[in-house]
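Ligands are counted one by one from 1 in listed order, and the atoms in each one are counted from 1 as well.
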Amino acid sequence: MHNNVDQLFDKLWSNYLSVTPSAVKVHELLGSTQKDDVINDHIALRTFNHEKVGLEKLASHFIAVGYKECGEYHFEAKKLYAKHYEHSDPTKPKVFISELLVEQCSPELQAIVNDMVEQIDESAVTAEDFLYSGTHWQVSHETYQQLLQESEYAAWMSAWGYRANHFTVSINYLSGFNTIEAVNQALKDAGFTLNTSGGEIKGSAEVLLEQSSTLADHHSVIFSDGEFKIPSCFYEFALRYEQANGEIYTGFVAASADKIFESTNAR
Ligand code: NI
């Protein structure tokens, strides 16, 4: 595992950029070509609730660099469970880790997922690069499409594996933008397509968090039966509000996160 938080995020970032080239354009648009000038609100990772690779296994890599567990979230329709983690330095991204509750899925999906997880070397899970190690298996495009019928989340994992699913620009730290509406408009003017599931803006000042996101880039994946372009990763934008005690809200809103998951939907 890494012992330096910045090194871990640098690796996650470059791995994310390799399949999400539009992220560079997002940074240029929001006032910087330097990654260090954009503060990320959070990143998100996905996994399966298999004992070998459950969310706690992913979380241990962040706990090793100073993160603490904060909130938990349930997504019943998508059969997901999630937790978020925070660092004592508020400029370090929060971390949102979700896991698919595999036992609630069909026997067919369970068999495919178990087969994928079995191919992960036990030692790989604690290796320094695990959080950006991608897939440890190779599925066919046919299997990918089969998973897609039941769970977009499982299909995405089968193709992309372990990596940051998205980074999230903190609008609070942007100098050129004060509202999420202005950020969204700048993105649309530059030709980006936003995720409109649940509306362009998820959440509100009342729930202390507003979020929006681009739709995922399309990137090639080499499946066992050929190469196909499919949705990879996306960029999210978050604006946080002060709570009654004057402190900025640092949690997540499950109803909004539920819609953000759909940013990787096939289109
Ligand atoms: Ni997010």
According to side-chain hydrogen bond (donor to acceptor under 3.5 Å, both in side chains), who are the partners of Tyr16, at least two apart in sequence or on a separate chain?
none

When you measure from the side chain of Ser170 to the backbone N and O of Ile39, does any donor-acceptor pair fall under 3.5 Å?
no

So does His141 get a backbone contact from the side chain of Asp225, meaning a donor-acceptor N/O pair under 3.5 Å?
yes

Give me each pair satisfying side chain to side chain donor-acceptor pair (under 3.5 Å) with a member in residues 199-211, each pair once, sequence neighbours excluded.
Lys188-Glu200, Ser204-Glu206, Glu210-Tyr241, Gln211-Glu236

Number of protein N/O/S atoms that sit closer than 2.8 Å to the Ni ion (ligand 1):
3

Crowded around Gln119 CD? As in, over 12 foreign heavy atoms under 6.0 Å?
yes

Would you mind listing every salt bridge (Lys or Arg N to Asp or Glu O under 4.0 Å) that reaches into residues 112-135, with sequence neighbours excluded?
none

